[in-house]
Structure formats: structure tokens, C-alpha cells
Amino acid sequence: HDEMQQWRRNDADKAVQSLARQRDFLDGHVLQWVPGYLRLAQTQAGHAFFRGVAALVLDAVPADRALLEEMLAEFDAA
């Protein structure tokens with residue numbers, strides 16, 4: 001939400017800072033425990049739906065991280 005607000009205010013510097021905070025949060029928190037938790041959930045889930053949700057999120061979190069890195073690299077190059 002913060003990033004979107006900064007773009008709406010045409011404050012690219014603060015928007016890019018927000019992207020960096022998102023990346024740092026993934027690196028420092030989410031990616032530290034979510035993948036292991038989701039792999040465990042896949043093995044423990046009693047229903048295929050929950051195994052599928054875990055698989056989707058297991059793919060989505062690193063993809064989100066990669067997208068943030070790509071966006072930040074693009075702004076660094078500009």
C-alpha cells in the first residue's frame with residue numbers, strides 16, 4: 001500500500017525505498033521460515049486442496065522476491 005501511495009504522489013525515490021523494504025522483509029523474515037513451513041504443510045496436509053495451496057505459495061514467494069529484485073535493478077539502471 002505504501003509503495004502504491006508513493007507512486008500516486010509521483011515520489012519515485014520513496015516508492016523504490018518501499019520496494020527495497022518489501023525485499024528486505026522477504027529476505028529477513030518470510031523466506032527464513034515460510035518455505036520450510038510450507039514443505040512441512042505439504043507432507044502433513046490431509047486434503048489435496050491444502051497441499052495445492054502450499055505448493056502455490058511455495059512458488060509464489062520466491063517469484064515475488066525475484067520480481068522485486070528485477071524491479072529494483074531496473075530502477076538502479078535508470
Side-chain angles (χ1 to χ4, degrees):
H1 180 75
D2 179 59
E3 176 199 348
M4 177 185 65
Q5 293 299 323
Q6 300 309 329
W7 289 122
R8 286 183 177 167
R9 292 182 183 115
N10 292 319
D11 193 338
D13 289 337
K14 286 187 180 178
V16 171
Q17 290 173 4
S18 181
L19 289 171
R21 282 193 307 275
Q22 292 172 56
R23 180 203 52 206
D24 295 346
F25 178 73
L26 286 173
D27 287 348
H29 181 64
V30 175
L31 287 169
Q32 298 299 310
W33 65 271
V34 168
Y37 175 79
L38 292 172
R39 283 190 290 275
L40 179 64
Q42 285 179 308
T43 65
Q44 301 290 317
H47 194 280
F49 173 79
F50 297 110
R51 289 189 296 274
V53 169
L56 287 172
V57 176
L58 194 54
D59 288 342
V61 172
D64 187 42
R65 170 58 172 83
L67 179 60
L68 286 167
E69 194 63 41
E70 185 178 318
M71 291 170 69
L72 287 165
E74 215 171 291
F75 287 112
D76 282 342

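Among Lys14, Arg8, Arg21, the single residue meeting the salt bridge (Lys or Arg N to Asp or Glu O under 4.0 Å) criterion with Asp2 is Arg21.
Aromatic ring pairs are classed by plane angle as parallel below 30°, tilted from 30° to 60° and perpendicular above 60°; the pair Phe50 and His47 is perpendicular.
Atom CD of Glu74 sits in a sparse spot, with 12 or fewer heavy atoms from other residues, nucleotides or ligands closer than 6.0 Å.
In this structure, CZ in Arg65 is found 11.5 Å from CD in Gln22, a value given to the nearest 0.5 Å. If you take CZ on Arg23 and CD on Glu70, they are separated by 13.5 Å, rounding to the nearest 0.5 Å. We find the CD-CG distance between Gln5 and Asp11 to be 12.0 Å, quoted to the nearest 0.5 Å. To the nearest 0.5 Å, atoms CD (Gln32) and CG (Leu26) are separated by 10.5 Å. Expressed to the nearest 0.5 Å, how far CZ of Arg51 lies from CG of Leu38 amounts to 14.0 Å. Remark: Gln17 CD to Asp24 CG distance equals 11.5 Å, nearest 0.5 Å.
In this structure, Val61 is a member of the same hydrophobic cluster as Trp33, with clusters built from ILVMFWY side-chain heavy atoms closer than 4.5 Å. Using a 4.5 Å cut-off between side-chain heavy atoms of Ile, Leu, Val, Met, Phe, Trp and Tyr, with links allowed through other members, Leu31 and Phe25 fall into the same hydrophobic cluster. Criterion: ILVMFWY side-chain heavy atoms under 4.5 Å apart, direct or through other members. Under it, Leu67 and Leu72 are part of a common hydrophobic cluster. A chain of hydrophobic side-chain contacts below 4.5 Å, direct or via other Ile, Leu, Val, Met, Phe, Trp or Tyr residues, connects Phe49 to Tyr37.
A heavy-atom distance below 4.5 Å is found between the side chains of Glu3 and Trp7.
Summarising the geometry of Leu58 relative to Pro35, their closest heavy-atom pair is CD1-CA, 3.6 Å, with the distance given to 0.1 Å.
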